[in-house]
Amino acid sequence: FACGDKCAPPTWDVASLHLGVGFGLWLILLLSSYALSIWSISSNPESLHATAHRWRRTLHSNTGYVTLHAAFSGAQYIQFCMRTLSGSVSDVGLAIDLVACALFGIELLLGWLDAWLSGLVRGHLYVFSWGVLDCLLLPSVFLMLVPIDGQLSWGSFSFLSALH
């Protein structure tokens with residue numbers, strides 16, 4: 001799946017695609033947030049909020065999950081540094097990135113639900129902080145599988161995982 005040692009260097013074409021898809025995903029997240037707010041006004045979201053908050057709290061208090069999350073965050077950052085030096089991507093490195101993104105996706109969903117169901121201020125703070133970070137990071141890793149000008153690139157925003 002990965003381009004191995006035949007990777008194209010990251011170019012503006014690669015970066016612009018990653019930024020465009022990331023911004024599009026962030027815009028969907030923001031608009032979904034407003035839809036969630038409107039829905040929560042007209043119904044009783046307390047059980048959903050309590051569930052999302054409990055799942056998030058349970059995950060964050062689980063030593064195994066926190067260790068796994070930190071390990072994959074660090075491994076993804078190290079993979080990015082290795083790719084920068086070598087200009088190549090291995091299948092194992094790509095798999096590490098994809099697993100890390102799955103963990104970040106869970107965090108994004110639970111954090112987004114918990115924040116927006118807690119109120120507009122917390123919701124906006126989340127979307128304009130962690131939401132931006134994850135909306136740039138997540139699609140950029142998956143876009144490493146999309147050829148641009150007929151060639152795969154090792155470029156991604158995996159360095160953002162260091163902030164997790």
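None of these values were measured; they are calculated from a predicted model.
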Any [X] side-chain heavy atom under 4.5 Å of [Y] side chain:
| X | Y | answer |
| --- | --- | --- |
| Asn62 | Thr58 | no |
| Leu145 | Leu94 | yes |
| Leu59 | Val66 | no |
| Thr84 | Trp154 | yes |
| Ser37 | Leu120 | yes |
| Leu36 | Leu113 | yes |

Between Trp39 and Ser43: side-chain donor-acceptor atoms closer than 3.5 Å
yes
Heavy atoms only: give me the nearest [X]-[Y] pair and the separation to one decimal.
| X | Y | result |
| --- | --- | --- |
| Pro45 | Leu117 | CB-CD2, 3.8 Å |
| Ala15 | Phe157 | O-CZ, 4.4 Å |
| Ser88 | Cys7 | CA-SG, 3.8 Å |

Is it true that [X] and [Y] fall in one hydrophobic cluster, defined by side-chain heavy atoms closer than 4.5 Å?
| X | Y | value |
| --- | --- | --- |
| Leu108 | Phe104 | yes |
| Leu133 | Met144 | yes |
| Phe142 | Phe159 | yes |
| Leu98 | Phe72 | no |
| Ile96 | Leu103 | yes |

Could you list all the salt bridge (Lys or Arg N to Asp or Glu O under 4.0 Å) pairs where at least one residue sits in residues 101-124, not counting sequence neighbours?
Arg56-Asp114, Asp114-Arg122
For residues 21-34, please give each side-chain donor-acceptor pair under 3.5 Å, one per line with the distance, not counting sequence neighbours.
{"residue": "Trp26", "atom": "NE1", "partner": "Val127", "partner atom": "O", "Å": "2.9"}
{"residue": "Ser32", "atom": "OG", "partner": "Ile28", "partner atom": "O", "Å": "2.7"}
{"residue": "Ser33", "atom": "OG", "partner": "Leu29", "partner atom": "O", "Å": "2.6"}
{"residue": "Ser33", "atom": "OG", "partner": "Trp112", "partner atom": "NE1", "Å": "2.6"}
{"residue": "Ser33", "atom": "OG", "partner": "Trp116", "partner atom": "NE1", "Å": "3.0"}
{"residue": "Tyr34", "atom": "OH", "partner": "His124", "partner atom": "NE2", "Å": "2.8"}

For the backbone of Gly155 and the side chain of Ser153, can you confirm whether one donor and one acceptor N or O come within less than 3.5 Å of each other?
yes
Supply the atom-to-atom distance [X] [atom1] to [Y] [atom2], rounded to the nearest 0.5 angstrom.
| X | Y | atom1 | atom2 | value |
| --- | --- | --- | --- | --- |
| Gln151 | Asp13 | CD | CG | 12.0 Å |
| His60 | Arg57 | NE2 | CZ | 11.5 Å |
| Ile106 | His69 | CD1 | NE2 | 8.5 Å |
| Leu160 | Asp134 | CG | CG | 9.0 Å |

So for atom CH2, which belongs to Trp55, do other residues, nucleotides or ligands contribute more than 12 heavy atoms lying within a distance under 6.0 Å?
no
Tyr77 atom OH, neighbour heavy-atom count above 12 within 6.0 Å
no
By side-chain contact (heavy atoms from CB on, under 4.5 Å), Ser158 pairs with (sequence neighbours left out) Gln76, Phe80, Arg83, Asp97, Val141, Ser156
